[in-house]
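Proteins come first, then strands; the chains are lettered A, B, ... in the order of their sequence lines, and each starts at number 1.
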Amino acid sequence: MSDISLLARNHVELLPAGGLEAKLKLGRPLRVKLGIDVTSPDIHVGRGIPLQRMRAFQDAGHIGVLIVGDYTTRIGDPSGRSAERPILSDAEIDASAKLYVDQAMQILDPARTEIRFNGEWLSKLSFADVVRLTRTLTVAQLLERDDFSKRIAAGHPVSVSELLYPLMQAYDSVAIEADVELGGTDQLYNLLAGRTVMEAYGLEPQVVLTTPLLVSFDGSKMSSSIGNNIPLAAAREEQFGRTMRIPDTMLEDWYRLVVEGPVPAGEAMDAKLALARFIVARSHGAEAAVEAEAHFTRVVREGGAPEDVPQGVLPDGDPIHLPALLAAAFGLSTSDARRMIGQGGVKVDGTAVSSLDVPRAELDGALVQAGKRRFVQYPPSS
RNA sequence: GCAGGGGUUCCCGAGUGGCCAAAGGGGGCGGGCUGUAAACCCGCUGGCUCAGCCUUCAGAGGUUCGAAUCCUCUCCCCUGCACCA
């Protein structure tokens with residue numbers, strides 16, 4: 001019925017050995033779980049990789065169960081110290097969850113996806129239930145987690161509530177009776193904790209399948225907080241440009257993990273362009289990919305202005321103080337703008353300017369550029 | 001609770017009375033080189049119509065001509081000890 005090598009393509013761990021084969025022999029659609037954190041409503045290409053696995057299971061007739069971690073997010077980090085886990089309002093969480101699901105559907109098959117909010121069951125646990133849950137793991141087991149042990153070794157704080165996160169995630173598997181749980185390799189600990197906890201609750205433990213973390217253009221794993229991400233919700237030009245930033249040496253990994261195919265023969269440049277088109281097309285459609293490439297060619301490769309440059313309005317006065325103008329147009333500080341001018345990064349109609357005050361006539365009807373990518377057009381006064 | 005050690009600009013991390021808007025690295029930005037990149041080279045990196053001025057070194061007071069640096073209190077973190085019906 002299902003080809004295991006296809007389902008488990010690119011996996012790093014597939015545990016326990018033979019577990020997936022046994023599950024498939026049950027002859028019913030498997031419940032394949034993937035948990036998502038809704039702290040920021042951002043799925044990026046890297047986080048899309050486990051989703052691609054879920055899609056493969058769906059295509060083979062199984063059910064994808066997407067767990068929205070609304071409750072986990074709602075609790076937040078009680079110490080209030082972590083910027084990564086801000087406490088969000090219910091409305092923010094709901095909005096964020098919706099965006100998240102929309103993005104996930106770029107990759108998933110909606111007809112075979114079940115969306116569940118973990119508040120559904122976590123909010124109903126009594127304190128006694130929570131204590132029962134905590135009995136399923138020991139402190140030593142919790143501290144085994146690399147992340148915790150490293151932070152402790154480095155003298156960084158680990159709050160007790162953080163120790164509960166793996167337990168909450170594990171309980172999700174109990175609640176939905178997961179057959180398989182997917183995740184990045186960074187989730188291995190949590191996924192395995194899910195097995196232990198499921199067993200303690202008298203369930204058949206889930207099979208654990210981890211996928212590699214996608215290394216981004218800066219050489220570290222793709223992450224929203226680092227800012228090296230390519231969000232599935234990002235604009236077409238942005239997705240295209242960010243993809244083109246990856247070094248040629250990463251092409252093989254990206255093709256294997258994202259496209260799930262070989263790198264096309266020929267120039268690295270062409271392969272990268274094709275990759276960028278693939279990513280944009282998946283999120284925005286084939287036509288968007290063509291437009292994004294045209295934009296990239298014009299702005300980045302040829303150094304020209306984009307097709308639709310935002311219109312600006314010149315302030316009163318003559319001459320015009322350029323730092324203030326740039327600050328207003330591009331959201332810079334005037335100090336920043338001054339630096340850019342001083343370094344020859346500001347052009348008016350293609351010519352670098354060096355003076356801080358520019359006669360109004362020179363700006364009237366001019367195209368102003370700051371750096372490579374910031375443009376503003378001032379319409380001629382009549 | 002007690003005893004030590006800490007909290008520095010986006011991040012890491014120097015600085016322990018003036019030469020400090022604060023070393024160095026990372027990241028980022030601008031320029032150059034180029035096939036997009038990467039690599040490499042140069043420069044910049046708190047704010048302000050900027051040869052000057054203003055606001056920063058957990059927070060609030062204080063000492064001093066002068067404080068990131070000294071003192072007091074507060075908050076937070078770490079380590080050890082103690083507590084643990």
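With a cut-off of 3.5 Å on both Watson-Crick or G-U wobble distances, the partner of B:G35 is given as none. Applying the Watson-Crick and G-U wobble criteria (two distances, each under 3.5 Å), B:C48 pairs with B:G52. With a cut-off of 3.5 Å on both Watson-Crick or G-U wobble distances, the partner of B:G43 is given as B:C29. In a base pair of the Watson-Crick type (N1 to N3 plus N6-O4 or O6-N4) or a G-U wobble (N1-O2 and O6-N3), with each distance short of 3.5 Å, B:U69 is matched with no nucleotide. Under the Watson-Crick or G-U wobble criterion, with both distances below 3.5 Å, B:G4 is paired with B:C78. Base pairing of B:A21: no nucleotide in any strand meets the Watson-Crick or G-U wobble criterion (both distances under 3.5 Å).
A gap of 12 Å separates the C1' atoms of B:U8 and B:A21, to the nearest Å. The P atoms of B:U56 and B:G66 are separated by 16 Å, rounded to the nearest whole Å. Nucleotides B:C20 and B:U74 are separated by 34 Å at their P atoms, to the nearest Å. Across B:A85 and B:C76, the matching P atoms stand 27 Å from one another, rounded to whole Å. Between B:G15 and B:A68, the distance separating the two C1' atoms is 8 Å to the nearest Å. On the C1' atoms, B:C42 is 26 Å away from B:G47, given to the nearest whole Å. Nucleotides B:G7 and B:U69, compared at atom P, are 12 Å apart to the nearest Å. Here the separation of B:C75 from B:A23, taken at their C1' atoms, is 30 Å to the nearest Å.
The stretch residues 278-296 of chain A participates, sequence neighbours left out, in these salt bridge (charged side-chain N to carboxylate O under 4.0 Å, His left out) pairs: A:Arg236-A:Glu291, A:Arg277-A:Glu293. Residue pairs meeting the side-chain hydrogen bond (donor to acceptor under 3.5 Å, both in side chains) criterion with at least one member in residues 202-215 of chain A, sequence neighbours excluded, are A:Glu13-A:Thr210, A:Ser173-A:Gln206, A:Glu181-A:Gln206. The ring-ring contact (aromatic ring centres under 6.0 Å, His included) analysis of residues 229-251 of chain A, with sequence neighbours excluded, yields the pairs A:Phe240-A:Phe296. Within the structure, salt bridge (charged side-chain N to carboxylate O under 4.0 Å, His left out) pairs that include any residue of residues 345-364 of chain A do not occur (at least two apart or interchain). Sequence neighbours left out, not one pair with a member in residues 308-353 of chain A passes ring-ring contact (aromatic ring centres under 6.0 Å, His included). Listed by first then second residue, pairs satisfying salt bridge (charged side-chain N to carboxylate O under 4.0 Å, His left out) with a partner in residues 371-382 of chain A read A:Glu238-A:Arg373, not counting sequence neighbours. Within the structure, ring-ring contact (aromatic ring centres under 6.0 Å, His included) contacts touching residues 3-25 of chain A (residues at least two apart or in different chains) do not occur.
What separates CG of A:Leu356 from P of B:C48 is a distance of 13 Å, to the nearest Å.
Judged purely by atom type and a 3.5 angstrom limit, A:Ser333 uses its side chain to pair as donor or acceptor with the backbone of A:Asp336. Between the side chain of A:Asp109 and the backbone N or O of A:Ala111 there is at least one donor-acceptor pair closer than 3.5 Å.
When heavy atoms are screened at a 4.0 angstrom cut-off, A:Thr334 is found touching base atoms of the nucleic acid.
By the ring-ring contact (aromatic ring centres under 6.0 Å, His included) test, A:Phe375 is found to be paired with no residue, residues two or more places apart in sequence or in another chain being considered.
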Let me check something: any side-chain donor-acceptor pairs from residues 119-128 of chain A under 3.5 Å, sequence neighbours excluded? List them with distances.
unit_1	atom_1	unit_2	atom_2	d
A:Glu120	OE1	A:Arg116	NE	3.1
A:Glu120	OE2	A:Arg116	NH2	2.9
A:Trp121	NE1	A:Asp172	OD1	2.7
A:Ser123	OG	A:Gly119	O	2.5
A:Lys124	NZ	A:Glu120	O	3.1
A:Ser126	OG	A:Ala128	N	3.3
A:Ser126	OG	A:Asp129	N	3.1
A:Ser126	OG	A:Asp129	OD2	3.2

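If you check distances only, the side chain of A:Ser333 never reaches the base of B:C48 with a donor-acceptor pair under 3.5 Å.
Scanning residues 252-261 of chain A for heavy-atom distances under 4.0 Å to RNA chain B yields an empty list. Applying a 4.0 Å cut-off to non-hydrogen atoms, the residues of residues 305-332 of chain A that approach RNA chain B are A:His321, listed by residue number.
Using modelled atom types, one finds a donor on one side chain and an acceptor on the other under 3.5 Å when comparing A:Gln239 with A:Ser283.
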What does the B/S/- profile of nucleotides 20-41 of chain B look like, 5' to 3', with a 4.0 Å heavy-atom cutoff to protein?
---------SSS---BBB----
